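In this text, all values refer to a predicted model and were calculated from it rather than measured experimentally. Order of appearance sets the numbers: ligands from 1, and atoms from 1 within every ligand.
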Amino acid sequence: MKALDQLTFDNRFARLGDAFSTQVLPDPIAEPRVVVASESAMALLDLDPAQAALPLFAELFSGHQSWQDADPRAMVYSGHQFGGYTPRLGDGRGLLLGEVVNDAGEHWDLHLKGAGQTPYSRMGDGRAVLRSSIREFLGSEALHALGIPSSRALCVIGSSTTVWRETQESAAMILRLAQSHIRFGHFEYFYYTRQPEQQQLLIDHVLEQHYPECRSAEQPYLAMFQTIVERNAELIARWQAYGFCHGVMNTDNMSILGITFDFGPFAFLDDFDANFICNHSDDQGRYSYSNQVPIAHWNLSALAQALTPFVEVEALKQALGLFLPLYQTHYLDLMRRRLGLTTAEDDDLQLVETLLQRMQSGGVDYTLFFRRLGDQPAAAALQVVRDDFVDLAGFDAWSATYLARCEREPANAEGRRERMHAVNPLYVLRNYLAQKAIEAANGGDYTEVRRLHQVLSRPFEEQPGMQAYAERPPEWGKHLEISCSS
Ligand code: AMP
Ligand code: MG
């Protein structure tokens with residue numbers, strides 16, 4: 001276990017040069033204090049958890065102190081935002097502090113969000129508010145605990161600095177960890193500004209550092225693109241299966257590693273609703289829950305476009321064509337497991353889709369339905385969940401099909417509960433839970449944020465005394481408006 005001053009840096013991205021990033025020092029926020037820290041994220045850097053209690057911890061992650069070997073930089077990228085191309089975005093309020101090499105030899109980017117203005121800030125103040133920093137912290141750590149690939153969060157640091165959004169709010173910083181912060185938008189930037197040499201450097205960097213297994217392929221760049229397609233198909237399948245809505249799937253928010261990245265107005269479904277739009281600013285529903293699948297494909301085609309100087313168009317199209325079938329395979333596999341099924345039958349997709357239609361019309365809680373279904377043998381469990389449906393005849397018809405399907409399972413009732421509870425969480429980050437924790441934190445009380453983080457770090461395990469975190473939202477918490485403002 002290491003102390004904070006024992007971290008080893010190897011800043012590979014910074015070494016790509018000034019065409020890729022600009023040196024900027026963090027602009028500190030006043031009176032820094034630790035709101036919450038993640039022990040499991042600290043472990044990725046081999047950091048002793050006790051380090052979070054030292055004054056140095058809050059100072060390092062609020063811009064007051066730095067490491068000699070860090071090389072803080074704002075990265076340049078562009079991206080398609082809500083379908084339209086913005087030629088230059090970049091880190092407007094975040095800095096890549098440096099890359100830490102852990103004892104296992106892995107590189108982890110330390111990325112400090114809310115670190116002040118950069119050449120890419122445009123009209124922004126370079127800050128992040130406490131509210132959105134807490135949401136990103138809880139969201140990324142919760143996804144990780146659910147087994148959904150995501151950037152990680154080391155800590156949130158609060159302060160007495162204030163910023164103006166719709167109203168006055170407190171500024172905060174969040175330290176994000178990922179093995180890379182390179183986005184689809186990085187590739188688009190060098191493509192649309194016609195800088196083939198820099199683009200080549202970028203592609204080779206990503207290939208070498210993040211997709212080394214593709215180097216020996218006949219066409220390494222194509223193999224890398226295909227792997228990115230595969231990873232995204234799996235990622236989106238997990239989002240859909242667990243009801244995660246990202247909210248702002250612009251290409252600048254899509255990680256080249258295929259992990260969940262750049263959290264804005266995200267949400268987990270409460271009641272199942274295929275048309276759910278979590279981003280209050282998304283009037284057209286471009287990024288609605290069910291649109292996440294075609295949008296991921298669209299984003300991958302934007303990346304493919306940026307790769308056309310290096311890979312043949314036909315080959316890129318073929319690789320893109322893998323997305324939907326792969327997505328469907330992963331999604332169906334996950335949903336079968338959520339239903340307690342261990343074998344595959346032809347009508348399984350139909351079984352899932354019919355269930356979702358019934359849930360949609362009945363306003364059934366997406367998380368609790370599967371959890372309760374696994375509580376008991378199928379016939380008994382169905383009697384319990386039945387109460388939540390409005391169209392009982394419709395539900396009974398589905399029930400009969402499901403029951404018959406369960407009876408054809410070789411694994412049958414044996415181990416059903418354990419198997420299902422291992423894939424069906426009891427606790428997810430519901431918006432109203434985040435909201436309660438944020439309100440307390442805005443008043444200076446961080447215990448609720450910390451408790452919620454603890455509960456969500458073991459989402460599949462029933463935790464004594466934590467029943468309140470497994471409840472459907474109260475009336476006030478059902479339709480909270482979460483906007484892009486953060
Ligand atoms: P986001 O919506 O967080 O993905 O950000 C989109 C773009 O706007 C990125 O280039 C951000 O760095 C930039 N941005 C967002 N908020 C701010 C802010 N408060 N100050 C400066 N830049 C910002
Ligand atoms: Mg972004």
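Listed by chain and number, the residues in a salt bridge (Lys or Arg N to Asp or Glu O under 4.0 Å) with D18 are R73 (sequence neighbours excluded). Remark: H80 pairs with Y85, W298 by the ring pair (Phe, Tyr, Trp, His ring centres under 6.0 Å) rule, at least two apart or across chains.
Atom OH of Y191 sits about 8.5 Å away from atom CD of Q199, to the nearest 0.5 Å.
Taking all heavy atoms of R122, E136, K113, M75 into account, the minimum distance to atom 13 (C) of ligand 1 is reached by R122. Comparing R127, R88, R165, R93 by heavy-atom distance to atom 23 (C) of ligand 1, the nearest is R93. Between atom 11 (C) of ligand 1 and the options G90, G94, G116, the minimum heavy-atom separation is to G90.
Counting heavy atoms from C-beta on, the side chains of D271 and D273 never come closer than 4.5 Å.
For atom 19 (N) of ligand 1, the closest non-hydrogen atom of the protein is D125 OD1, 3.0 Å. Of the protein's non-hydrogen atoms, Q81 NE2, 4.1 Å is the one closest to atom 6 (C) of ligand 1. Given atom 4 (O) of ligand 1, the protein heavy atom at minimum distance is N253 OD1, 3.1 Å. Shortest contact from atom 21 (C) of ligand 1 to any protein heavy atom: G92 O, 3.2 Å. Looking at atom 20 (N) of ligand 1, its nearest protein heavy atom turns out to be G126 N, 2.8 Å.
For ligand 1, the atoms lying closer than 4.0 Å to a non-hydrogen atom of D262 are 4 (O).
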| said: Set out, in order, the CA-CA distance, both residues' side-chain angles and the distance that settles salt bridge (charged side-chain N to carboxylate O under 4.0 Å, His left out) for R338 and D333, then state yes or no. | reply: CA-CA 9 Å; R338 296 206 73 180; D333 181 50; over 6 Å; no
| said: Between D27 and R127, is the salt bridge (charged side-chain N to carboxylate O under 4.0 Å, His left out) condition met? List the steps. | reply: CA-CA 9 Å; D27 179 11; R127 294 302 188 199; 3.3 Å; yes
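The atom name of the N/O/S atom in D262 closest to the Mg ion (ligand 2) is OD2.
Checking atom 2 (O) of ligand 1 against the protein gives no heavy-atom contact under 4.0 Å.
The Mg ion (ligand 2) has an N, O or S atom of N253 under 2.8 Å away, backbone or side chain.
Partner N279 forms a side-chain contact (heavy atoms from CB on, under 4.5 Å) with one of P265, C245, S288 and no other, that one being P265.
Around atom CD of E312, no more than 12 heavy atoms belonging to other residues, nucleotides or ligands sit under 6.0 Å away.
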